[in-house]
Amino acid sequence: MPVYLTESVAQSIVDRAMAIIGYNVNVMDQNGVIIGSGDKRRLHTVHEGALKVLASGDSFDIYKNKPKDFVMAKQGINRPINFRRRVVGVVGISGHPDEVSQFADLVVMTADLMLENAAIMFEAHWSLRQRENIISELIHGTAENDPLFSSRSRNLGINPDLPRIAVLIYLQRQEENPLSTDEIEYFQYLLRKGDPDDLVALTEPNQFVLLHTVNRCDSRNQDQLTSYLSSLKLRLSSVKNVSYKVALGRYIKGISGVRLSYQTAQEALRLGLQLLPDQPVYRYVDFQLDSLMLDLLPSWKGKEVQEHIRPLLLSDPKGCLQKTLRVYINAQANPGVTAKKLHIHRNTLSYRLDKIQSLTERNPRDFSDLLLLHFALRMHELQGL
């Protein structure tokens, strides 16, 4: 059995009891050592009366004319602390036994209640840590190689066979301090509130991973995930002075798929923060092409593609042509939509597109050339990652 009667719990028992009865109280551990006391000078010394209680399991009172064997002991009463059918310590009250015995039941009850509360808190934190270990094994890929993973999960009330998709929640505050314990617990409560089968863990000082359960037969349905994300955003928005980014990975079947889903969520967050910093939600499905280009960046092929945009970058220090090209690409090469978004005349847009063609020797009005320009420009935008 774990040791629940720690020094901090013992001192809390002492402080609570003494505030009520007005007599000095001592709490001793299973070795008879005083680990909580109103008299700090007696801390960490052996209590002779406690040893007697621990040996017999019964109460033991010490009067002023004590036996020779208790020369160091002070008069008072000593009662066993029973917890889950075991004597785990002793509580003592200093004073004449006839005077302080009336408080014995009250002090013992105080000790029992505080010890039970400490045990509940310890077990809750233990369970939380074990659940976090399960989540860590899922997202880092060690679960699939552990033959006991399924049974360990089920012992904690987790169904390892439920289909799950990884969601990252990145919190931003004005202060740079990490989240406090209370804040972490509150955010975990908020994140789990959507579905009791969802698994939540803190992965970085200001970042949570949420393994959201999905309908296996409907895992590709974006409406299902859109509805869930709307609910999640509403819950997160209820917290003041905290902004957030949500990154949604891709659903991949099986326990091994959770690790891959987590990796896609990480990639979505990384790319989203770089490319769309003002947007609150990032989906990996919207960044798959960018992810491929990111891997291509350091290769000679990637550098060759970037050469197509270099003349434009050198001739466009203010970024006007770069912005025009980006808006034009995002507008599906629609001149009317592009001109409206840039607040320019279509003739001005036509002049800029001609200028881009002249500098890059690629025609932005041609699909193949525009695709190459898109790759080259996006690689330039990804350089900071």
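These values consider heavy atoms only, across backbone and side chains, with no hydrogens, waters or symmetry-generated copies.
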Under 3.5 Å, which donor-acceptor pairs do the side chains of residues 120-127 form with other protein atoms, sequence neighbours left out?
| from | atom 1 | to | atom 2 | distance (Å) |
| --- | --- | --- | --- | --- |
| Glu123 | OE2 | Tyr4 | OH | 2.9 |
| Glu123 | OE2 | Arg84 | NH1 | 2.7 |
| Glu123 | OE2 | Arg84 | NH2 | 3.4 |
| His125 | ND1 | Met121 | O | 2.8 |

Minimum heavy-atom distance between Tyr186 and Ser238, given as atom pair plus value: OH-OG, 4.4 Å
For the student: nearest non-hydrogen atoms of Pro364 and Leu353, plus distance: CG-O, 3.7 Å
Side chains of [X] and [Y]: donor-acceptor distance under 3.5 Å anywhere?
X: Thr324; Y: Arg352; value: yes
X: Ser350; Y: Arg365; value: yes
X: Gln266; Y: Tyr262; value: yes

Ionic contact status for Lys52 with Asp61, cut-off 4.0 Å: no
With Tyr23 via ring-ring contact (aromatic ring centres under 6.0 Å, His included) - residues at least two apart: Phe103
Any residue meeting ring-ring contact (aromatic ring centres under 6.0 Å, His included) with His96, in chain and number order, not counting sequence neighbours: Tyr63
Residues which pass salt bridge (Lys or Arg N to Asp or Glu O under 4.0 Å) with Glu183, listed by chain and number, not counting sequence neighbours: Arg173
Pairs meeting criterion side-chain hydrogen bond (donor to acceptor under 3.5 Å, both in side chains) with involvement of residues 331-349, two or more places apart: none
Residues that Gln102 engages under side chain to side chain contact (heavy atoms under 4.5 Å, CB included), provided they are two or more places apart: none
